[in-house]
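None of the values given here were measured: they were computed from a predicted structure. No hydrogens, no waters, no symmetry mates; every other heavy atom, side chains included, goes into these values.
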Amino acid sequence: LNKNSTLTILDIGAGLCNYYPESVKDSKHKYIAYDLSKDMKKNLEARGILIFQADINKDKLKLEDKSIDLIICSHLIEHLQNPTNLINEIERLLSNSGVLLIKTPDIRSVKWNFYNDFTHITPYSQSSLIQQIQSEELKVLNCFSTTLYLDFAKRIFKRNPLNPFNIIFYIVGIYTFYFRKDMRELLCIAKKNII
């Protein structure tokens, strides 16, 4: 896509829409969120995000086929009794050039800590997540174990390496990556498999 493209972005299991800018009211892109809860509706609408309610375990999302350029599913799939419905909806909604970004705890690292959240149902390893996502319609481009803190810390450290706060945050990021295995997550990136 070129820099003048207008993207339609969907966050499924959105919660606070942490991956979206604080306000998208003046954006040329279209930001959509789906969540089981409607608690954040006013907050997200005030930011310019279109928010809808659905149960992705069973519901078909009310969006047109191949209408989404980027789908984000962060820490959702492990909560689902029927992840197949989620994958089917992703396959249906993703445009031919679309990209999926999906995150879930890395069970090989977090081990029993996975169940500290009583709403967690299905744990994933790198290979089981790839198997869940990859299909005739979706091709996994990359899947790796990381921590949110290290990725974020690297970005802010690059912007201003002399800021003492950024140095401390970078150290925390390295610490969580190497020593806090219970905080590791899988990040999988996939796209439409165009044959």
Margin query: Using only atom types and a distance under 3.5 Å, with no angle test, would you say the side chain of K58 pairs donor to acceptor with the backbone of D55?
Written below: no
Check: Counting N and O atoms only, with roles assigned by atom type, does the side chain of S5 sit under 3.5 Å from a partner on the main chain of L7, one being a donor and the other an acceptor?
Finding: no
Checklist line | Non-hydrogen atoms of F114 and P105 that approach each other most closely | finding: CD1-CB, 4.0 Å
Checklist line | SG on C73 to CD1 on I56, rounded to 0.5 Å | finding: 7.5 Å
Notebook entry, point to check: Should we count CZ of R92 as having more than 12 external heavy atoms under 6.0 Å?
Noted result: yes
Checklist line | Among I102, T104, L86, side-chain contact (heavy atoms from CB on, under 4.5 Å) partner for L76 | finding: L86
Item checked: For G15 against L44, the heavy-atom pair lying closest together -> O-CD1, 3.6 Å
Next item on the list: Taking all non-hydrogen atoms of both residues into account, name the closest pair between I130 and C188 and its distance.
Entry: CG1-SG, 4.2 Å
Next item on the list: Look up atom OG1 in T122 and atom CD in Q81, then write down how far apart they are to the nearest 0.5 Å.
Entry: 8.5 Å
Notebook entry, point to check: Hey, does the side chain of S109 reach the backbone of D106 with a donor-acceptor pair shorter than 3.5 angstrom?
Noted result: no
Next item on the list: Anything under 30° is parallel, anything over 60° is perpendicular, the rest tilted; go ahead and classify H29 against Y31.
Entry: perpendicular
Margin query: Using modelled atom types and a 3.5 Å cut-off, is there a donor and acceptor pairing between side-chain atoms of K192 and backbone atoms of E137?
Written below: no
Note to self: Would you say Y34 and K62 are linked by a side-chain donor-acceptor pair, where the criterion is simply a distance under 3.5 Å?
What the structure shows: no
Next item on the list: Could you check L63 against I68 for side-chain contact (heavy atoms from CB on, under 4.5 Å), going step by step and ending with a plain yes or no?
Entry: CA-CA 9 Å; L63 296 166; I68 308 296; 4.2 Å; yes
Notebook entry, point to check: With no hydrogens and no angle check, is any side-chain donor or acceptor of S67 less than 3.5 Å from a backbone partner on E64?
Noted result: yes
Next item on the list: State yes or no: do F52 and L36 share one hydrophobic cluster built from I, L, V, M, F, W and Y residues joined by side-chain heavy-atom distances below 4.5 Å, directly or via other members?
Entry: no
Margin query: For a quick test of reading the model, state the closest non-hydrogen atom pair linking I32 to Y20 and the distance between them.
Written below: O-OH, 2.7 Å
Notebook entry, point to check: Closest heavy-atom contact between S95 and D69?
Noted result: OG-OD1, 3.4 Å
Margin query: Would the distance check show the side chain of K103 and the main-chain N or O of I72 forming a donor-acceptor pair, the cut-off being under 3.5 Å?
Written below: no
Check: Can you tell me how far CG of L61 sits from CD of Q53, rounded to the nearest 0.5 angstrom?
Finding: 12.0 Å
Item checked: Beyond-backbone contact of I133 with L100, side-chain heavy atoms, under 4.5 angstrom -> yes
Notebook entry, point to check: Heavy atoms, side chains only, cut-off 4.5 Å: are K66 and L94 in contact?
Noted result: no
Margin query: Tell me whether V99 shares a hydrophobic cluster with V140, the cluster being built from Ile, Leu, Val, Met, Phe, Trp, Tyr side chains joined at under 4.5 Å.
Written below: no
Checklist line | Single-linkage hydrophobic cluster, 4.5 Å side-chain cutoff, L141 and L93 together | finding: no
Next item on the list: With rounding to the nearest 0.5 Å, note down the distance linking CD1 in I77 to CG in L186.
Entry: 10.5 Å
Next item on the list: State yes or no: do I189 and I87 share one hydrophobic cluster built from I, L, V, M, F, W and Y residues joined by side-chain heavy-atom distances below 4.5 Å, directly or via other members?
Entry: no
Notebook entry, point to check: Is a side-chain N or O of R47 found less than 3.5 angstrom from the main chain of C17, in a donor-acceptor match?
Noted result: yes
Notebook entry, point to check: Any side-chain heavy atom of N85 sitting closer than 4.5 Å to one from N57?
Noted result: no
Note to self: Between D11 and N18, is there a side-chain heavy-atom distance shorter than 4.5 Å?
What the structure shows: no
Checklist line | Side-chain touch K191/L138, heavy atoms, less than 4.5 angstrom | finding: no
Note to self: Restricting to non-hydrogen atoms, name the atom on D117 and the atom on H79 that form the minimum distance, rounded to 0.1 Å.
What the structure shows: OD2-CE1, 3.6 Å
Notebook entry, point to check: How many angstroms lie between CD1 in I51 and NZ in K42, if you round to the nearest 0.5 Å?
Noted result: 14.0 Å
Next item on the list: Report yes if the side chains of T6 and K30 come closer than 4.5 Å at any heavy-atom pair, otherwise no.
Entry: no
Next item on the list: Indicate whether the side chain of R184 and that of S145 have a donor and an acceptor atom separated by less than 3.5 Å.
Entry: yes
Notebook entry, point to check: Should E89 and K60 count as an ion pair when the cut-off is N to O under 4.0 Å?
Noted result: no
Notebook entry, point to check: Between L80 and I121, is a side-chain contact (heavy atoms from CB on, under 4.5 Å) present by the stated rule, with each step listed?
Noted result: CA-CA 7 Å; L80 301 179; I121 296 171; over 6 Å; no
Margin query: Do I71 and I12 make a side-chain contact, defined as non-hydrogen atoms from C-beta onward lying under 4.5 Å apart?
Written below: yes
Check: Are side-chain N/O atoms of Y124 and E78 paired as donor and acceptor at under 3.5 Å?
Finding: no
Next item on the list: State the CG-CD1 distance between L129 and I107, to the nearest 0.5 angstrom.
Entry: 12.5 Å
Margin query: Is it the case that atom CG in D26 sees more than 12 heavy atoms from other parts of the structure closer than 6.0 Å?
Written below: no
Item checked: Polar contact flag, side-chain donor to acceptor under 3.5 angstrom, S37-D35 -> no
